[in-house]
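From a predicted model like this one, the values you see are computed outputs, not experimental measurements. Each ligand, and each atom within it, is numbered from 1 in the order the structure gives. Hydrogens, waters and symmetry mates are skipped; everything else that's a heavy atom, side chains included, is used.
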Amino acid sequence: EKGIDLKEVCDYKLAKDNELRFEVETGARVKLDLIDGSAELFGTELVRSRSYIFESGAKIAVFTWFGCSLRLTGKVEAAYVSKDTPMVIYLNTHAAIEQMRKVSEQKDTLGPRILVCGPQDVGKSTVGRLLINYAVRLGRKPTLIDLDVGQGGVSIPGTVGALTVERPADPVDGFDLKVPLVYHFGHTSPNGNIKLYEVLISRLADVFNAKCDFNKQVKHSGCIVNTCGWVKGQGYQCILHTAQSFEADVVLVLDSERLYNDLKRDLPDFVNVILQPKSPGVVERTREMRRDAREEKTKEYFYGPRKIYFPHAFDISFSEVQIFKIGAPALPDSCLPLGMEKEDTQTKLVPVAPGIDLVHHILSLSMAESLEENLVETNVAGFVVVTNVDPERQVFSVLSPAPRPLPRNYFLIMDLRFIDIHK
Ligand code: ADP
């Protein structure tokens, strides 16, 4: 209970269909207790036997279908109870999706594939989490596909990935991320490399299809695809590409009539495009808050949830590994080698000579065992962050959640940097 201001205690009584919203003040921690009744947090049921402790900056909503009493201890920002929530709408959506799962089970066809899209800060990840949790609570094994490279739902930012979920998310720590399938992207917006982004989406769809082929439960449970908030221009094209790659049955559009109409026009008729409201509780984030959230997520990767672990620090010699960047600088068409398309350069592997400018960059360790494998489309084992480069000794120092030895030898460098200020 360190860091919790125990003098600040407030009880809330919620009538049915209400939710308590609160934010944890910067630098503070807040404890949540369910005193009476039943409640859920983004689709996970709370229990009375546990206190839930939230860290600085967390934005939380606790919803009750039947009424409950809650207690908050610690410094909160703007805690209030609201009865204005779209939860009934989301529950109905869940029920419709579950109906589709039943049909696919009976006929042994592919289960529902749902795309969640909309602009930034409309609660896409939260709705995705809710739908996954409701499915898991019914014994399903839905797969969460996360394409939001800005926030990183199944791994760190700068990646895309898939996670088949078997247990509801922990109210504090989220989904169990022990076994996600993660691919290196390297940037915080699809804009960083559109071609690569689309290649990875197709790859994830293939991998998910393959999984459906040998696991019936996964097949019938379907997937929820969380997209990123870039919905204009090429971002829109990415959404179309995603719907097509995953053969989406349902596209949930949150809070954007314009996007809804565009998608209705451009997607085939068998795709059910649905417009749903965002929750008034979703908090808009500034650029800085978004950056902070990214950093926090990365830090959690190295230090564990609630920073209870320490990463390993060790040196890697230049000769031990090879580092690549994906994508060569764009050349004007006239300079491209004959027969090469411009787009090819975006998925090209370019060797990176280790040097001082590696410092602070995050490196993804590819699962590839040889360069004959396509590194661009191979998943990654994990990440290290470079803390120092010593050209004289020909080594660089890293932080890594896993100890030596490295299981593989190929690194992919990210645009993303992480400056470790955890002391
Ligand atoms: P998006 O994926 O569209 O960017 P998120 O789902 O990440 O949006 O939601 C943005 C923030 O709002 C998150 O910090 C989330 O915890 C918070 N949030 C979501 N729903 C609610 C709600 N009903 N009340 C309060 N905060 C919420």
> So Asp108 and Lys219, salt bridge (charged side-chain N to carboxylate O under 4.0 Å, His left out) or not? Walk me through it.
Replying inline: CA-CA 9 Å; Asp108 193 22; Lys219 176 181 173 183; 3.2 Å; yes
> Given Asp33 and Lys31, is the salt bridge (charged side-chain N to carboxylate O under 4.0 Å, His left out) satisfied, shown in steps?
Replying inline: CA-CA 7 Å; Asp33 288 288; Lys31 183 165 71 128; 3.7 Å; yes
>> The test is side-chain hydrogen bond (donor to acceptor under 3.5 Å, both in side chains); show your working for Glu19 and Thr64 and say whether it passes.
In response: CA-CA 6 Å; Glu19 84 181 9; Thr64 179; over 6 Å; no
>> Using the rule given for salt bridge (charged side-chain N to carboxylate O under 4.0 Å, His left out), can you reason through Arg290 versus Asp121, listing the C-alpha separation, both sets of side-chain angles and the distance that settles it, and then say yes or no?
In response: CA-CA 10 Å; Arg290 228 177 287 260; Asp121 299 331; 3.1 Å; yes
>> Could you walk me through whether Asp206 and Arg203 satisfy the salt bridge (charged side-chain N to carboxylate O under 4.0 Å, His left out) test, starting with their C-alpha distance in whole Å, then the side-chain angles of each, then the deciding distance to 0.1 Å, before giving a yes or no?
In response: CA-CA 5 Å; Asp206 289 346; Arg203 175 74 186 152; 5.3 Å; no
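Counting only heavy atoms of the protein, atom 24 (N) of ligand 1 lies nearest to Ala61 CB, 3.3 Å. Looking only at protein heavy atoms, the nearest one to atom 7 (O) of ligand 1 is Arg285 NH2, 3.4 Å. For atom 6 (O) of ligand 1, the nearest protein heavy atom (residue, atom name, distance) is Thr126 OG1, 2.6 Å. The shortest contact between atom 1 (P) of ligand 1 and any protein heavy atom is with Lys124 N, 3.5 Å.
Residue Glu19 places a heavy atom less than 4.0 Å from ligand 1. Not a single heavy atom of Gln151 sits under 4.0 Å from any atom of ligand 1. Judged by the shortest distance from any of its heavy atoms, Phe22 lies outside the 4.0 Å radius around the atoms of ligand 1.
Proximity of the aromatic rings of Phe324 and Phe411 is defined here by a centroid distance below 6.0 angstrom, and this criterion is not met. Side-chain rings of Tyr80 and Tyr12 stay apart, their centers remaining 6.0 Å or farther from each other.
Contacts of Lys59 with ligand 1, taken as heavy-atom pairs under 4.0 Å, involve both backbone and side chain. At a 4.0 Å heavy-atom cut-off, ligand 1 touches Ser279 through the side chain alone.
Of all atoms in ligand 1, numbered sequentially from 1 with element shown, those under 4.0 Å from a heavy atom of Ile60 are 25 (C). Within ligand 1, the atoms closer than 4.0 Å to a non-hydrogen atom of Gly123 are 1 (P), 3 (O), 5 (P), 6 (O), 8 (O), 9 (O), numbered from 1 in the order shown. Interface atoms of ligand 1 facing Val283, defined by a heavy-atom separation under 4.0 Å, are 12 (O).
Around atom 18 (N) of ligand 1, the closest heavy atom drawn from Val122, Val282, Leu254 belongs to Val282. In this comparison of Pro280, Gly281, Ala293, the heavy atom closest to atom 25 (C) of ligand 1 sits on Gly281.
Checking atom 13 (C) of ligand 1 against the protein gives no heavy-atom contact under 4.0 Å.
Side-chain contact check for Glu40 and Tyr134: at least one donor-acceptor pair (N or O, by modelled atom type) lies under 3.5 Å.
Not counting sequence neighbours, Glu373 has no partner by the salt bridge (charged side-chain N to carboxylate O under 4.0 Å, His left out) test.
Residue Asn226 places no N or O, backbone or side chain, under 3.5 Å from any N or O of ligand 1.
Between the Thr44 side chain and the Ala169 main chain, a donor and an acceptor come within less than 3.5 Å of each other.
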